[in-house]
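Notes to accompany the following structure.
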Amino acid sequence: MRQHDTLFIGGEWVAPAGTGIIDVVSPHTEEVVGRVPEGTAADMERAVAAARETFDHGPWPRMTFAERAEVIGRLAAIYNERQGEMAALITEEMGSPITFSNLAQAPQPLGMLQYYAELGRTYEQEEQRPGLFGPVTVRREPVGVVAAVVPWNVPQFVTMTKLAPALLAGCTIVLKPAPETPLDAYLLAEWVAEAGVPAGVLNIVTAGREVGEHLISHAGVDKVAFTGSTAAGRRIAAICGEQLKRVSLELGGKSAAIILDDADLAASMGFLSMASLMNNGQACVAQTRILASRNRYDEVVEAIANMVNSQPVGDPADPATGIGPLVAKRQQDRVEGYIKIGMDEGAKVVVGGLDRPYDRGWYVSPTVFAGVNNDMRIAREEIFGPVLAVIPYEDEADAVRIANDSDYGLAGTVWTGDTERGMEVARQVRTGTYGVNCFMLETNAPFGGYKASGVGRELGPEGLQSYLEYKSIARLG
């Protein structure tokens, strides 16, 4: 049992204003593995006040980029030494297979810290440009107090897409973790203090949705950075729009993997298994629409079915496990509801279905549907679980049309024996990230979505820019 009874505000562990408790429940055992305080609006007020005071009067925003990069580098060094501990904790609290946690849940956040630490060592605060009547100084300044609201599926990854560039920019941050996965944020707070990040730069309040909305709408917050559902993103955008508050949104996806006729199916399946089923299917970038030509449709369906069947389902702490449980009972119910919807729509269950693999834990049977058309709900709505839909296409142009026929535009892939042909397909699909015979997110390249998949970009130098304000200073002489 991991017991926490304080909140991290102003560089100190402080008692919460209320008496509410959030239980952290293992998706594998359904047993409570941790408890944290349920923060209140009063706690959020205190956190924003601490961040506001630190930003308005503290040294952090007034340091150089290189000075802040040095602090971020120290945090990265601590993270590097203890990333195994972070990976195991995330597996415990949300059911991510330990192999995926060791591959992505901890190493990718570390990579972001390292990237922004390196970027900051040479990043210029000001640049000079010629003007009509004299020189113009273009100055980069931090946007202010940032509200970072993150989901439960990849909690450290999403936290760091916001925290690392915000720190480098000179912002102060109030972080609200998801109630399902607050434990990793406590471990991060320990490392932040150990690294010497000044008090009040990062403040963490564990709380539910209503208190999160209080943070988002707070007048003391200058920018909101949110990752989560498209429905919640619309609500947040409306609040920020009314207040003319800076906002970045990384939202849902329904990504398509286009398998061209010249693809080596055996080789493709090894990479597509990660691209489509990563983190038990609980990934916004997951390739859950599999597009196969009618010429090879049955062959592709069989290959996908064999790929899914080859993934052992079980204890996420076991290195042999490929697919673990879903994060919560409500998520289990949601995914099983979509499996039933697919069956009712007339799609054919090739693998999986509604029979649960275990009586205990929030498991679902990884499921493959064939006979799917792109108008079905299982092809249009984000399921967020290990459910794949194989959709036929007539030719390459039809595949691109189907891939683009979505409310979302976050990710996608193409699988082909001709890389240049794959690049041509990639250029036609309207998504923010894409892969040719692979899928990965690079820390030095922008990540974000078209359409209902979000607003703005994270990672790379573009990710830093959303935490900066640009000031132009013209002068004579």
Do F384 and W152 have ring centres separated by under 6.0 Å?
->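 Ring centres of W152 and F384 closer than 6.0 Å.
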At their closest point, which heavy atom of [X] faces which heavy atom of [Y], and how far apart are they?
X	Y	result
N280	G95	ND2-O, 3.0 Å
V36	P182	CG2-CG, 3.7 Å
D43	A17	OD1-N, 2.8 Å
A225	V146	CB-CG1, 4.5 Å
S406	R289	CB-NH2, 3.7 Å
T206	P37	OG1-O, 2.7 Å

Return the [atom1] to [atom2] distance between [X] and [Y], rounded to the nearest 0.5 Å.
X	Y	atom1	atom2	result
S96	N153	OG	CG	9.0 Å
R427	M423	CZ	CE	4.0 Å
N374	I391	CG	CD1	4.5 Å
C284	L251	SG	CG	9.0 Å
M44	E213	CE	CD	11.5 Å
T288	L277	OG1	CG	10.0 Å

Side chain to side chain contact (heavy atoms under 4.5 Å, CB included) evaluation trace for R457 with Q465 = CA-CA 9 Å; R457 292 295 183 267; Q465 290 169 14; over 6 Å; no
Go through the steps to decide whether D407 and K451 satisfy the test side chain to side chain contact (heavy atoms under 4.5 Å, CB included), and finish with yes or no.
-> CA-CA 6 Å; D407 293 336; K451 299 182 280 188; over 6 Å; no
More than 12 heavy atoms of other groups within 6.0 Å of [X] [atom1]:
X	atom1	result
E242	CD	no
R246	CZ	no
R82	CZ	yes
Y297	OH	yes

If the plane angle is over 60° it's perpendicular, under 30° parallel, otherwise tilted; pick one for H4 and Y186.
->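 Geometry flag for Y186 against H4: parallel rings.
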Donor-acceptor pairs under 3.5 angstrom involving side-chain atoms of residues 437-447: please list them, not counting sequence neighbours.
residue : atom : partner : partner atom : Å
N437    : OD1  : T416    : N            : 2.9
N437    : ND2  : T416    : O            : 2.9

May I ask you to test the [X]-[Y] pair for a side-chain heavy-atom distance under 4.5 Å?
X	Y	value
W362	V335	no
V205	K176	no
L163	L188	yes
L265	E299	yes
W191	M86	yes
P27	Q331	no

Does [X] pair with [Y] as a salt bridge, N-O distance under 4.0 Å?
X	Y	result
R421	E424	no
R2	E92	yes
K329	E30	no
E381	K254	no

Run the numbers on V247 and F226 for side chain to side chain contact (heavy atoms under 4.5 Å, CB included), then give the verdict.
-> CA-CA 8 Å; V247 62; F226 172 79; 5.8 Å; no
Partner of S248 by side-chain hydrogen bond (donor to acceptor under 3.5 Å, both in side chains), out of E458, K162, K223 =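 Answer to the side-chain hydrogen bond (donor to acceptor under 3.5 Å, both in side chains) test with S248 among E458, K162, K223: K223.
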Do we see a donor-acceptor contact under 3.5 Å between the side chains of E382 and Y408?
->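 No, because no side-chain N or O of E382 sits under 3.5 Å from a partner of the opposite role on Y408.
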Trace of the side-chain hydrogen bond (donor to acceptor under 3.5 Å, both in side chains) decision for D315 with T321 | CA-CA 6 Å; D315 184 351; T321 293; over 6 Å; no
Any sub-3.5 Å donor-acceptor pair from N373's side-chain atoms to D375's backbone N or O?
->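 Checking the backbone N and O of D375 against the side chain of N373, a donor-acceptor pair under 3.5 Å is found.
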Whether Q287 side chain and V285 backbone form a donor-acceptor pair below 3.5 Å |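 The answer is yes, because a donor-acceptor pair under 3.5 Å joins these two groups.
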Go through the steps for L167 and I173 under the test side chain to side chain contact (heavy atoms under 4.5 Å, CB included), then give the verdict.
-> CA-CA 8 Å; L167 288 174; I173 304 101; 3.9 Å; yes
Any residue meeting side-chain hydrogen bond (donor to acceptor under 3.5 Å, both in side chains) with R46, in chain and number order, not counting sequence neighbours =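 R46: no side-chain hydrogen bond (donor to acceptor under 3.5 Å, both in side chains) contacts found.
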Can R330 and D333 be said to form a salt bridge (Lys or Arg N to Asp or Glu O under 4.0 Å), step by step?
-> CA-CA 5 Å; R330 72 172 191 283; D333 292 341; over 6 Å; no
